[in-house]
J.: 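Sending over a structure as structure tokens; questions will come in a sec.
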Amino acid sequence: MRNLFAFLAGGLFGTGLYVSGMTDTSKVQGWLDVFGAWDPTLAFVMGGAMIPMAIAWLIVERAKAPVAGGSFPAKPSPKLGRNLILGSTLFGMGWGLAGLCPGPAIASLSYNGLGGVVFVIAMGLGMLATPALRSRLDRAVPAE
Amino acid sequence: MPMDWILGLLGGLLIGTGGAVYLLFNGRIMGASGIIGGLVDGSGRDTAAERISFLAAVFLLPLVLTPLFGRVDTHLTSNFVVIAIAGLLVGVGTRFANGCTSGHGVCGISRLSLRGIVATVFYILAGGLTVALFREILGVI
């Protein structure tokens, strides 16, 4: 059942990315391009997505356990930390350069040409390299 | 323009509903980078099946929808060097930060997570400065 629910969630996510136009890199770069032709569409997408999610978090506070068993995620940590800031900055740079983030990169894979495939491979390599990079950085500059 | 905003809002509602399903049924946060990253580096081996099910649907639904509603032009740059660097930065950055637009942005901010809010501020600032530098000043993207 977990796989079926995951497929349903992924289908809604993929359809939402397609409908909202978020697989169009010009809309993402347009949102980031505050000194150029600014496009606010992304704010509508984020705002729209927050509504069902906020309701879901309210339900989580009252519910005992997820429908398919297991437990709900732990309360968010208040710790920020170097990795969060460094990682988000690097991610933002890549997001701005190509106008793609992980979800839309997968959603658009079937119609994004060879470039879309190259992006996903490079992203996967970056993800694969991260545990080693992180431990190197921790050794060089211990995080508090 | 306003039509794009309406479709954006509608698509956003679908994205958020997907996140709500993943949270309420499977008890998991719908973060694309975490779902992919756990498969790539093996840290999510125990939950590989639901990760693959999720990603298969993310890939398949647009594939099925494009012939019905017309192809979406993605306007992706044809500069493969830029694409490869961007992909590496997105891969490394989201794993260092432990989240991306869906995990920190949609799922984090909607529960008022400080980490989600701070991450989103930083990736939007970094993205904005990157586009300002490479598009508005250097004119290369």
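In this text, all values refer to a predicted model and were calculated from it rather than measured experimentally. Naming: A, B, ... by sequence-line order, numbering from 1 per chain.
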J.: Given a strict heavy-atom distance threshold of 4.5 Å, which part of Asn98(B) is in contact with chain A: side chain, backbone, both, or neither?
T.: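 Neither part.
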J.: At a 4.5 Å cut-off on heavy atoms, which part of Val34(A) comes close to chain B: side chain, backbone, both, or neither?
T.: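 The answer is neither part of Val34(A).
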J.: For chain B, which of Pro78(A), Gly14(A), Pro102(A) has the most heavy-atom pairs under 4.5 Å?
T.: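 Of the candidates given, the most pairs with chain B belong to Pro102(A).
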J.: Heavy-atom cut-off 4.5 Å, strictly under: side chain, backbone, both or neither for Pro73(A) against chain B?
T.: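 Its backbone and side chain both get close to chain B.
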J.: Could you tell me which portion of Thr130(B) (side chain, backbone, both or neither) has an atom closer than 4.5 angstrom to a non-hydrogen atom of chain A?
T.: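 For Thr130(B), the contact with chain A is made by the side chain alone.
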J.: Could you please spell out the steps behind the side-chain hydrogen bond (donor to acceptor under 3.5 Å, both in side chains) verdict for Asp4(B) and Thr41(A)?
T.: CA-CA 6 Å; Asp4(B) 282 2; Thr41(A) 307; 4.7 Å; no
J.: Quick check on Leu114(A) against chain B: is it the side chain, the backbone, both or neither that has a heavy atom closer than 4.5 Å?
T.: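 Contact with chain B involves both backbone and side-chain atoms of Leu114(A).
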J.: What is the minimum heavy-atom distance between Leu24(B) and Phe72(A), and which atoms define it?
T.: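 Residues Leu24(B) and Phe72(A), closest heavy atoms: CA-CE2, 4.2 Å.
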J.: Does any heavy atom of chain B fall under 4.5 Å from the side chain of Ile51(A), the backbone, both, or neither of them?
T.: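 It is the side chain, since no backbone atom gets that close.
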J.: Against chain B, label Ala74(A) side chain, backbone, both or neither, depending on which of its atoms sit under 4.5 Å from a heavy atom there.
T.: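 The backbone, not the side chain.
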J.: Under 4.5 Å heavy-atom distance to chain B, tell me which part of Ala129(A) shows up: side chain, backbone, both or neither.
T.: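 Contact with chain B involves no heavy atom of Ala129(A) at all.
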J.: Where on Ser71(A) is there a heavy atom nearer than 4.5 Å to chain B: the side chain, the backbone, both, or neither?
T.: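 The answer is the backbone of Ser71(A).
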J.: Using non-hydrogen atoms only, which part of Phe134(B) is less than 4.5 Å away from chain A: side chain, backbone, both, or neither?
T.: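 When you check distances to chain A, only side chain atoms of Phe134(B) fall under 4.5 Å.
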J.: For Phe54(B) together with Phe13(A), are the ring centres under 6.0 Å from each other?
T.: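 Yes; Phe54(B) has its ring centre under 6.0 Å from that of Phe13(A).
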J.: Considering only heavy atoms, which portion of Ser102(B) lies under 4.5 Å from any heavy atom of chain A: side chain, backbone, both, or neither?
T.: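 Side chain only.
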J.: Checking heavy atoms, do the side chain of Leu86(A), its backbone, both or neither come under 4.5 Å from chain B?
T.: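 For Leu86(A), the side chain is the part near chain B, not the backbone.
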J.: Output yes when Asp138(A) and Arg82(A) qualify as a salt bridge under the 4.0 Å nitrogen-oxygen rule, no when they do not.
T.: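 Answer for the salt bridge query: yes.
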J.: Please state whether the side chain, the backbone, both or neither of Arg135(B) comes within less than 4.5 Å of a heavy atom of chain A.
T.: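 For Arg135(B), the side chain is the part near chain A, not the backbone.
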J.: Please look at Leu23(B) and chain A and tell me whether the side chain, the backbone, both or neither of the residue comes under 4.5 angstrom of a heavy atom of that chain.
T.: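 Both parts, backbone and side chain.
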J.: Classify the ring geometry of Tyr111(A) against Tyr18(A): parallel below 30°, tilted from 30° to 60°, perpendicular beyond 60°.
T.: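 Geometry flag for Tyr18(A) against Tyr111(A): perpendicular rings.
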